[in-house]
Structure formats: C-alpha cells, structure tokens
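Let me begin by presenting the structure, written as structure tokens, before commenting on it.
By convention in this document, chain letters (A, B, ...) are assigned in the order of the sequence lines, proteins followed by strands, and residues within each chain are numbered from 1. All heavy atoms count here, side chains included; hydrogens, waters and symmetry mates do not.
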Number of protein chains: 2
Amino acid sequence: MKKLSVKKGEILQHSGELISKVYYVVSGLLRSYSIDPKGKEHIFMFAPEDWMIADGVTVDGPMELFIDALEDSEVIQQDKKDMGDSSHQFDKLIKRMHVLQKRIIMLMSATAIERYEYFVEVYPAITQRVPQKMIASYLGITPEALSTVKSQRLHKSDS
Amino acid sequence: MKKLSVKKGEILQHSGELISKVYYVVSGLLRSYSIDPKGKEHIFMFAPEDWMIADGVTVDGPMELFIDALEDSEVIQQDKKDMGDSSHQFDKLIKRMHVLQKRIIMLMSATAIERYEYFVEVYPAITQRVPQKMIASYLGITPEALSTVKSQRLHKSDS
DNA sequence: CTACTGCATTAATGTAGATTAAGAAACGTT
DNA sequence: AACGTTTCTTAATCTACATTAATGCAGTAG
C-alpha cells in the first residue's frame, strides 16, 4: 500500500498483466478500458476522486483492461491479496456489481439517447472533465452519434 | 438457510422486493431477468446447477430483477446478511464481476453473431435446455435475429 | 383426430446508429 | 502569434438489427 502521483496520460496497468492491484483515487481522474479485436477502445469505467478502480483479474487469468490517468492524479495503490475481506470492501463490491448490472440492462434495452441521459444524470461532473469521444466510448456509440444525440437534445428543449 | 424445491415457472423473487436472498442451485435451472419500461424482458443471467444467483439489492434500494425457475429445481436459500464475508464468498463475487465485465465489453463491441458464438462456447449445455427466445433475450437481440444468425452459421460450415 | 396455443423460421420493410468524409473549433508546442 | 494535432460537428450513405407479418411446427386439451 503506497501513495502514487501520476501524470495525465500515464498508464498504471497494461492489459494482460497478472499483477493485480487496486487503486483508490484521492484526487484526479482515472479510467479503465479495453481494446477489442478490431482495435477499438471501449471505456469500461471512469474513476474520479474517492472512487476505487481495479482490473478484473480472477483465478482463471487476466482480464483485458488498461488503466490510465485522464488528469494528474494522486492514487493509493494496494495489492488485491492484501485487501482482506472486511464487510466494508464487500459492500463496495456489491455496489459496483449493481452499477454493472444496470449498465448491461441499459445496453440491451435503451437507445443511445436514453443511455446518454442516464449518464448525464448519474455522472454530471464527468461530462465536463473528459472529451466527448470518451463519453461516446463509455456509452458504446461513436463520437459522431453522440454529437447528433446532443444536438437533438438541444432542439428538444426549444419546444 | 433452507432448502427449497421449486417447480418450473415458479417465481422466487419479484422485482422491487426488498428482501435480499441468495440462491444456490443444487439441481435444475434458474434465471434472473428484468422488464424494461417498454415491457420487454431481458434475461440477465442463467444459473444451472452449482451456480449462485441473486438480485442486485444495495443499500440504495432494490434492483429490478425477477428470479424464476426454468426447470424443476432444488435450491438453497440464504439471506444475504447472513452470508458473512469469508474470502470464499469474496472470490465468488469477483468471478461474477468478471463475467459481467466480459458481457459489457461484448455488448459494446461484438455483433450478434459473435455474441452467440461466445455464448455457445461458454454455455454449451444451456442452449439445449432453454427456448431460443430466451437465448435471444440474453444476447440482447430478437428471436428472429437469432434465427437468422443460426442459419448463417449452418451455411458457413457448408463451405 | 381436430383445435388451440406458443415457439421457430423466413421474408419484407424500416430505422438507429456505423462509416466515411470534410470543414470548423480547440489545444498543445515552439 | 503560428503551426500542427486532436477533437467536434454536420451531412450522405450504408448496414446490422428491429419490426411486422405470414407460415410451419410442436405440444396440449378437448
């Protein structure tokens, strides 16, 4: 368990590494993402201050997630195996699962517009801090599609 | 913690209930699913023998998941708060998260065909045990689309 | 056996979002 | 300030999948 200062753009964890760390974000902003077989980047989560981020390493092998810094950040790095299993950690995991569940349901049932509305509602702060194309990547759509979604929203509020 | 026998079609948990149980499947097959605002059903997971299934209830409130039996089943019901936080349980959760992560990445990056291929690879047994329309619901596509995907696969293997 | 009901398949038509491309705006670097 | 680089927007075209609808096929009940 140690404190790190990372610069914007710095990579904390490469895909496929077996070392399994957990990062608590004290300040700044991290993200985790994967690169699919077609070479496209998909943002899996954003982690602003007070969040925790980790890859999904299991006993079965590594998960293909990168973690990097979108802003200069202070993070506390901890090894997963030293985390213990206090019920506090347990709760955090349960909460994270809930977010993932919701995300899956949204991907299956909601349109790009609905997913964007939900994103803005849940993470209003993030929209100001990251480029649009990353929000598009999080939503599972292209930056072009996000752009049209946003203009539709503007025109709607005229009515 | 008690053992239950449930009949095919029986509902173990309704959406919105606050009671938070975990079910270990001894034999048979359960599923969890949600119904979206448009009234469409989306299968969240299948749980054959030796799996565990639960809703996503958190401190923040209930998750909108139903759980029911697709086959006559024997299950062990346990209250979440009595689970303790042994590292065994912890590991199970981590594994589940891994599955969810993979699913999200697939939904964002893979076509219907690729998702089906992956499903068959990971859950070959399930394809024989549930109706096609439920597999479609799990994959996030319509039964019609799944039907064409399957015929494409057949024609491909001719070549 | 016939009639009903739910499921699977196939085909037509429609649509959300991808792709491609080109111009405009914002940003970092010297 | 002036440059290249990245990001954002807009529009035209394309494609994967949804929707709708018709048909065939079990399974089940009378």
Side-chain angles (χ1 to χ4, degrees), chain A residues 7-10 29 31 33 35-43 46 68-72 104-120 126-156 158, chain B residues 7-9 29 31 33 35-43 68 70-72 104-120 126-158:
Chain A
K7 282 281 170 196
K8 178 175 174 172
E10 215 172 298
L29 179 63
R31 70 163 170 169
Y33 63 100
I35 297 180
D36 72 22
K38 292 154 203 152
K40 251 203 222 159
E41 216 175 275
H42 300 277
I43 292 184
F46 294 108
D68 69 1
L70 298 179
E71 300 172 354
D72 294 351
I104 290 171
I105 302 295
M106 292 291 282
L107 283 169
M108 292 203 294
S109 66
T111 64
I113 297 169
E114 291 163 340
R115 298 207 294 277
Y116 181 66
E117 302 276 3
Y118 179 72
F119 180 82
V120 172
I126 300 288
T127 58
Q128 316 303 323
R129 291 166 67 179
V130 305
Q132 303 294 338
K133 62 165 199 165
M134 287 196 186
I135 294 173
S137 167
Y138 180 92
L139 296 175
I141 59 175
T142 59
E144 293 85 351
L146 178 55
S147 201
T148 63
V149 160
K150 291 203 307 171
S151 67
Q152 281 172 256
R153 266 163 57 91
L154 285 177
H155 300 330
K156 195 180 68 181
D158 286 349
Chain B
K7 282 279 169 198
K8 178 174 173 174
L29 180 62
R31 70 163 171 170
Y33 64 99
I35 296 180
D36 73 23
K38 293 153 203 151
K40 248 202 226 162
E41 216 175 276
H42 300 277
I43 293 186
D68 69 1
L70 299 179
E71 301 172 354
D72 295 351
I104 290 171
I105 302 294
M106 292 291 284
L107 283 169
M108 292 203 295
S109 67
T111 65
I113 296 171
E114 291 162 340
R115 297 207 294 279
Y116 182 66
E117 301 276 3
Y118 179 72
F119 180 81
V120 172
I126 300 289
T127 57
Q128 316 304 321
R129 291 165 67 180
V130 305
Q132 303 294 337
K133 62 166 198 165
M134 287 195 186
I135 295 173
S137 167
Y138 179 93
L139 296 175
I141 59 175
T142 59
E144 294 85 354
L146 177 55
S147 202
T148 62
V149 161
K150 291 203 304 172
S151 66
Q152 282 173 256
R153 266 164 56 92
L154 284 178
H155 300 330
K156 195 179 68 183
S157 62
D158 286 351

Distance check needed: D:dA16 P versus B:L107 CG, whole Å only. 18 Å

Hey, where on DNA chain C does chain B first and last touch, going 5' to 3'? Cut-off is any atom under 4.0 Å from a heavy atom. C:dC7 to C:dT10

With heavy atoms under 4.0 Å as the rule, sort B:P143 into base, sugar-phosphate or nothing. nothing

If an axis is fit to five pairs at each end of the helix from C:dC1-D:dG30 to C:dA22-D:dT9, what is the angle between the two, to the nearest 10°? 30°

Figure out the CG/P separation between A:L146 and D:dT9, and round it to whole Å. 8 Å

Start with the C-alpha distance between A:V130 and A:R31, add both sets of side-chain angles, then the distance that settles side chain to side chain contact (heavy atoms under 4.5 Å, CB included), and finish with yes or no. CA-CA 10 Å; A:V130 305; A:R31 70 163 170 169; over 6 Å; no

May I ask you to decide if the ring planes of A:F46 and A:Y138 are parallel, tilted or perpendicular, using 30° and 60° as cut-offs? parallel

Rounded to whole Å, please give me the gap between CG in A:L70 and P in D:dT7. 12 Å

Could you walk me through whether A:K150 and A:Y116 pass the side chain to side chain contact (heavy atoms under 4.5 Å, CB included) test, one step at a time? CA-CA 9 Å; A:K150 291 203 307 171; A:Y116 181 66; 3.4 Å; yes

Does B:K133 offer a backbone N or O that forms a donor-acceptor pair with the side chain of B:S137 under 3.5 Å? no

Once you round it to whole Å, what is the distance between P of D:dT10 and CD of A:E144? 12 Å

Dump the intermediate steps for side chain to side chain contact (heavy atoms under 4.5 Å, CB included) on B:H42 and B:Y33, then the final yes or no. CA-CA 5 Å; B:H42 300 277; B:Y33 64 99; 6.0 Å; no

Could you tell me which residues satisfy side chain to side chain contact (heavy atoms under 4.5 Å, CB included) with A:S147, sequence neighbours excluded, listed by chain and number? none

Candidate pair B:L139 and B:V149, rule side chain to side chain contact (heavy atoms under 4.5 Å, CB included), full reasoning: CA-CA 12 Å; B:L139 296 175; B:V149 161; over 6 Å; no

Is a salt bridge present between B:K8 and B:D72, judged by a nitrogen-to-oxygen distance below 4.0 Å? no

Nucleotide D:dT10, atom C1' - distance to CD of A:Q132 in whole Å: 15 Å

